[in-house]
Amino acid sequence: MKSASGAPRRHLSTSPFKPPPPAPPAERFSVNDQVTHDRYGLGVVIAVEDEIAVFIDFGSRQQRITTPFNRLYKL
């Protein structure tokens with residue numbers, strides 16, 4: 001749960017509740033990776049913007065997808 005400021009709450013060692021699981025690391029993509037997207041289908045990564053976004057050629061269109069890559073999977 002996040003506080004009003006947006007920062008995650010601190011877990012106290014004396015708390016009877018388990019700490020929240022750590023966030024999984026963001027998947028890394030590189031040029032020429034084959035990917036699939038829930039909305040756009042199959043595509044090929046044509047460019048990577050640091051760890052901010054990837055450009056993907058889906059055949060009929062080119063799309064820029066930003067992190068987090070929720071519906072994008074590497075094949």
Side-chain angles (χ1 to χ4, degrees):
M1 186 169 171
K2 294 190 177 198
S3 64
S5 67
R9 290 186 172 189
R10 184 174 53 118
H11 178 73
L12 300 174
S13 60
T14 58
S15 173
F17 303 104
K18 292 182 181 180
E27 188 161 5
R28 293 179 175 234
F29 296 96
S30 56
V31 177
N32 292 329
D33 279 348
Q34 290 188 344
V35 295
T36 183
H37 190 274
D38 289 348
R39 178 181 286 173
Y40 305 116
L42 296 173
V44 177
V45 176
I46 55 175
V48 178
E49 264 185 40
D50 297 326
E51 293 181 14
I52 300 170
V54 292
F55 288 91
I56 302 173
D57 181 16
F58 290 105
S60 61
R61 70 185 318 175
Q62 292 182 355
Q63 191 72 31
R64 179 181 185 259
I65 299 177
T66 57
T67 57
F69 307 114
N70 292 337
R71 299 186 296 179
L72 185 66
Y73 307 99
K74 191 184 296 189
L75 298 179

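Nothing fancy with the numbering, it's 1 onward along the sequence.
Among residues at least two apart or in separate chains, there is no salt bridge (charged side-chain N to carboxylate O under 4.0 Å, His left out) pair with a member in residues 16-25.
Under the side chain to side chain contact (heavy atoms under 4.5 Å, CB included) criterion, Arg39 pairs with His37, Arg71, not counting sequence neighbours. For Ser30, the side-chain hydrogen bond (donor to acceptor under 3.5 Å, both in side chains) partners two or more places apart in sequence, or in a different chain, are Asp33. The side chain to side chain contact (heavy atoms under 4.5 Å, CB included) search around Asn70 returns Pro68, not counting sequence neighbours. Every residue two or more places apart in sequence or in another chain that forms a salt bridge (charged side-chain N to carboxylate O under 4.0 Å, His left out) with Arg64 is listed here: Glu49.
Using a 4.5 Å cut-off between side-chain heavy atoms of Ile, Leu, Val, Met, Phe, Trp and Tyr, Leu75 falls into a hydrophobic cluster with Leu42.
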Is there a side chain to side chain contact (heavy atoms under 4.5 Å, CB included) between Tyr40 and Leu72? Walk through the geometry before answering.
CA-CA 9 Å; Tyr40 305 116; Leu72 185 66; over 6 Å; no

Identify all side-chain donor-acceptor contacts of residues 51-61 below 3.5 Å with residues at least two apart in sequence or on another chain.
residue, atom, partner, partner atom, Å
Glu51, OE2, Arg28, NH1, 3.4
Glu51, OE2, Arg28, NH2, 2.8
Asp57, OD1, Gly59, N, 3.0
Arg61, NE, Gln63, OE1, 3.4

